[in-house]
Amino acid sequence: MKRILVTGGAGFIGSHLCERLLKEGNDVICLDNFFTGSKKNIVHLLDNKYFELVRHDVIDPYKAEVDEIYNLACPASPIHYQYNPIKTVKTSVMGAINMLGLAKRLKAKILQASTSEVYGDPAIHPQVESYWGNVNCFGPRSCYDEGKRLAETLFLNYHTQNNVKIKIIRIFNTYGPRMHPNDGRVVSNFIVQALTNKPITIYGDGSQTRSFQYVDDLLNGMIKMMNSDDSFIGPVNIGNPGEFTIKQLAEKVIDMTGSKSQIVYEPLPGDDPVRRKPDISLAMEKLDWQPVVKLEQGLANTIAYFDELLKN
Ligand code: NAD
Ligand code: UDP
């Protein structure tokens with residue numbers, strides 16, 4: 001049995017990860033400050049004697065004896081990470097330093113949940129890991145993008161300088177049950193708007209693209225990465241290469257929910273990337289991983305989740 005620490009474990013992805021790691025027979029510590037996460041996401045795990053919940057902020061050091069660390073603590077939706085941008089930088093950077101320090105002391109393996117945002121508004125398409133990115137260090141998204149970029153740098157340097165066993169995955173837009181209904185991300189926004197017959201808010205003209213990955217596919221990639229050979233540190237893209245315009249997503253959600261919602265167009269937020277799609281050749285080669293859940297199936301599961309949530 002491995003002892004595993006999941007920071008940000010009460011969030012959308014973290015809660016699914018805790019659940020999966022427990023199912024696989026591990027002892028799990030879920031650490032969270034509940035900024036965007038919620039006890040509701042993990043309340044069903046509290047009776048499991050191999051699950052421990054710790055309220056803690058990663059900007060402060062934390063000690064526990066563990067074999068592996070998944071570092072997910074960080075708000076991920078633009079509304080939430082821009083709410084207190086200084087705190088977002090502190091969470092990414094000081095959180096990385098504290099967790100890397102812990103991994104160093106314990107000789108534990110540590111995985112960083114990095115992001116496709118390190119590519120910024122990408123000048124090459126699809127995005128490969130060797131691309132350095134096109135990030136504005138002075139814009140509204142920079143607290144998140146630069147925080148995550150610096151975290152990658154810290155991971156690399158703890159590895160080269162202190163032999164810490166590191167793993168970096170760059171996660172592309174991921175969706176699924178337990179996304180926060182008000183967190184402003186496009187999939188949850190559109191589904192909640194459609195189910196309540198409210199206007200569907202497309203920012204800009206809806207021609208910008210994203211590639212949407214269902215959370216179960218991400219978990220498979222993430223755990224495969226953690227369990228891969230120590231010599232493979234990444235960074236590796238984990239995303240679904242299916243590319244859709246935001247308008248196509250809106251139409252699909254309206255269609256699948258049978259909603260009466262109308263589409264309305266609102267201003268595009270600053271620095272919103274125009275196109276995004278992962279090149280996953282590296283993950284296929286090194287991890288023998290690729291996503292299997294089609295957008296329609298993942299959306300159906302997510303719509304069913306929000307439908308139930310909105311009834312209560
Ligand atoms: P989320 O907001 O649901 O989860 C983040 C969790 O971190 C929350 O439970 C939150 O309370 C916690 N947290 C935030 N600041 C903290 C702090 N200072 N100390 C302790 N806990 C803190 O978001 P998510 O979508 O589950 O994202 C999880 C991770 O994956 C994040 O690091 C995010 O950057 C990364 N990621 C997500 C996506 C995506 O599409 N969902 C894409 C790329 C990267
Ligand atoms: N978006 C939109 N309407 C919404 C929420 C988001 O048109 O109600 C757009 C947003 O401008 C971006 C895309 O959808 O172009 C994805 O946004 P999200 O916040 O989910 O993720 P990110 O921009 O970080 O990829």
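Counting convention: from 1, in listed order, for ligands and their atoms alike. Quantities reported herein were computed from a predicted structural model and do not represent experimental measurements.
Counting non-hydrogen atoms of other residues, nucleotides and ligands closer than 6.0 Å to CD of E266 gives a total above 12. Around OH of Y83, the count of heavy atoms belonging to other residues, nucleotides or ligands within 6.0 Å does not exceed 12. When the shell of 6.0 Å around NZ of K224 is examined, it contains more than 12 heavy atoms from other residues, nucleotides or ligands. Remark: D230 CG is packed, more than 12 non-hydrogen atoms of other residues, nucleotides or ligands lying under 6.0 Å away.
Heavy atoms of S77 stay at 4.0 angstrom or farther from ligand 2. At least one heavy atom of A10 sits less than 4.0 Å from an atom of ligand 1. Residue contacts with ligand 2 include R141, since one or more of its heavy atoms lies under 4.0 Å from the ligand. In this structure, Q213 does not count as a contact residue of ligand 1, since none of its heavy atoms falls inside 4.0 Å of the ligand. Proximity of D32 to ligand 1 is established by a heavy-atom distance of less than 4.0 Å.
Distances between N or O atoms of Q193 and those of ligand 2 include no value under 3.5 Å. Taking any N or O of N173, backbone or side chain, at least one lies under 3.5 Å from an N or O belonging to ligand 2. Where the criterion is an N or O separation shorter than 3.5 Å, residue side chain and backbone included, R210 meets it with respect to ligand 2. Backbone and side-chain nitrogen or oxygen atoms of F190 are examined, and none is located within less than 3.5 angstrom of a nitrogen or oxygen of ligand 2.
Residue Y144 holds the heavy atom nearest to atom 36 (N) of ligand 1 of all those in Y81, Y144, F12. The closest heavy-atom contact to atom 44 (C) of ligand 1, among the options C74, A76, G8, S114, comes from S114.
Looking at N189 against ligand 2, only its side chain comes within 4.0 Å, counting heavy atoms. Residue-level proximity to ligand 2 for E117 is carried by the side chain, the only part with a heavy atom below 4.0 angstrom. By the criterion of a heavy-atom distance under 4.0 Å, the side chain of I246, and not its backbone, is placed next to ligand 2.
Listed by number with element, the atoms of ligand 2 under 4.0 angstrom from any heavy atom of P78 are 19 (O), 24 (O). Listed by number with element, the atoms of ligand 2 under 4.0 angstrom from any heavy atom of Q208 are 9 (C), 11 (O), 15 (O). Taking a cut-off of under 4.0 Å to the non-hydrogen atoms of R185, the atoms of ligand 2 that pass are 19 (O), 20 (O). When each atom of ligand 2 is checked for a heavy atom of I202 under 4.0 Å away, the hits are 7 (O). Taking a cut-off of under 4.0 Å to the non-hydrogen atoms of T201, the atoms of ligand 2 that pass are 2 (C), 3 (N), 4 (C), 7 (O), 8 (O).
Among protein heavy atoms, atom 20 (O) of ligand 2 sits closest to V186 N, 2.8 Å. D272 OD1, 2.5 Å is the protein heavy atom nearest to atom 15 (O) of ligand 2.
If you chain together hydrophobic residues whose side chains sit under 4.5 Å apart, F138 and V93 never meet in one group.
Below 30°, between 30° and 60°, or above 60°: for Y119 and Y131 the angle between ring planes is below 30°, a parallel geometry.
For the residue pair K198 / S261, no side-chain donor-acceptor distance below 3.5 Å is found, with atom types taken as modelled.
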